[in-house]
Amino acid sequence: MKERFLGVEVCTENYEELSAHLLNDINEGRKSFIVAINPEKVVKAQHDPALRDLLNQATYQIPDGIGIILASKLKKGQISERVTGIDMMLRLCRLAAENNKSVFLYGAKPGIAAEAKTKLQEMFPGLHVAGVLDGYEKDEAKIVRTINNAAPDIIFVALGSPRQENWIIDHMNQLAPKVYQGVGGSFDVISGRIKRAPAGFQKLGLEWFYRLMKEPWRLKRQMDLPKFLMAVLRDKSR
Ligand code: UDP
């Protein structure tokens with residue numbers, strides 16, 4: 001099911017439900033595209049119809065960020081749990097390891113995807129990583145060939161947003177993978193190059209606060225949250 005915030009659709013499903021859908025998609029040969037939605041993207045999409053259409057074209061828009069949960073509560077919606085891009089990626093890796101599916105890591109600076117691959121295989125023994133490719137390769141034909149030769153079931157695309165979403169929409173028809181997820185800076189985090197907030201902060205939904213302490217220049221972006229919530233409340237369309 002989906003809810004709509006300022007014209008942008010968001011799925012109501014949690015990790016388990018989404019994982020079940022995605023495994024079905026793979027087994028039945030359907031292509032699907034996962035995009036993470038946060039208030040920042042919704043606000044941007046309000047002034048950028050092309051971005052809004054792009055986000056709405058995804059199969060699954062996951063509620064990444066506490067702001068979306070609050071917006072759903074304000075509208076008496078059903079979204080109760082955050083589904084973050086990186087955690088969805090990790091769930092998909094576990095799903096792949098348990099169901100004999102393969103993954104591909106495309107994006108980030110040279111060397112990072114390979115480091116992330118090693119870390120993922122430590123976390124999920126038996127995970128088949130069909131290939132990796134950095135996000136600075138310019139040769140389009142080579143990118144397509146590398147991915148199709150590896151023929152993975154799932155591809156994680158880490159080129160930053162909205163570049164990765166555009167890339168997915170433009171290429172998914174000619175590519176072998178069934179599941180496409182844009183994962184932003186996740187390979188940098190998984191490889192250990194960038195630290196995530198401690199588990200306690202994550203559990204309390206306070207990852208934003210930890211990031212704010214580490215990167216105070218995010219304040220401006222985070223101040224937009226009340227504005228976003230007000231706009232959601234005022235929006236009468238469905
Ligand atoms: N990146 C890339 N190719 C590019 C530009 C960026 O692979 O041409 C990678 C970059 O190395 C980083 C990720 O894209 O790993 C962007 O991460 P960021 O956290 O900025 O993305 P966000 O999650 O904010 O969209």
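Each ligand, and each atom within it, is numbered from 1 in the order the structure gives. Given the structure is predicted, the values throughout are model-derived calculations rather than measurements.
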Subject >> Closest candidate by heavy atom, reference atom 17 (O) of ligand 1, pool Gly182, Gly185, Gly135 >> reply: Gly185

**OP:** Below 4.0 angstrom from a heavy atom of Lys109, which ligand 1 atoms are there? Numbered from 1 as shown, please.
**Re:** 11 (O)

Subject >> Atoms of ligand 1, numbered as shown, that sit under 4.0 Å from any heavy atom of Gly107 >> reply: 7 (O)

Subject >> Contact partition for Asp188 relative to ligand 1, non-hydrogen atoms under 4.0 Å >> reply: side chain

Subject >> NZ/NE/NH1/NH2 to OD/OE distance under 4.0 Å, Lys178 and Glu28 >> reply: no

Original post:
Aromatic rings Phe201 and Phe209: how do their planes relate, parallel, tilted or perpendicular, breaks at 30° and 60°?
Top reply: parallel

Original post:
Would you say Gln164 contacts ligand 1, with heavy atoms under 4.0 Å as the rule?
Top reply: no

Original post:
Just wondering, more than 12 heavy atoms not from Lys31 lying within 6.0 Å of its NZ?
Top reply: yes

Original post:
Taking only heavy atoms of Gly160, which atoms of ligand 1 are found under 4.0 Å from at least one of them?
Top reply: 13 (C), 14 (O), 16 (C), 21 (O), 25 (O)

Original post:
Phe187: heavy atom below 4.0 Å from ligand 1, yes or no?
Top reply: no

Subject >> Numbering as shown, the atoms of ligand 1 that approach Arg163 to under 4.0 Å (heavy-atom distance) >> reply: 4 (C), 5 (C), 8 (O)

Original post:
Can we say Glu137 and Lys142 salt-bridge, meaning some charged N sits less than 4.0 Å from an Asp/Glu carboxylate O?
Top reply: yes

Original post:
Against heavy atoms of Ser161, which atoms of ligand 1 measure under 4.0 Å?
Top reply: 25 (O)

**OP:** Start with the C-alpha distance between Asn38 and Lys44, add both sets of side-chain angles, then the distance that settles side chain to side chain donor-acceptor pair (under 3.5 Å), and finish with yes or no.
**Re:** CA-CA 10 Å; Asn38 54 36; Lys44 246 170 114 186; over 6 Å; no

Original post:
Are any of the N or O atoms of Ala158 closer than 3.5 Å to those of ligand 1?
Top reply: yes

Original post:
More than 12 heavy atoms of other residues, nucleotides or ligands under 6.0 Å from CG of Asn149: is that the case?
Top reply: yes

Original post:
Same hydrophobic cluster for Leu74 and Ile79, using side-chain heavy-atom links shorter than 4.5 Å among ILVMFWY?
Top reply: yes

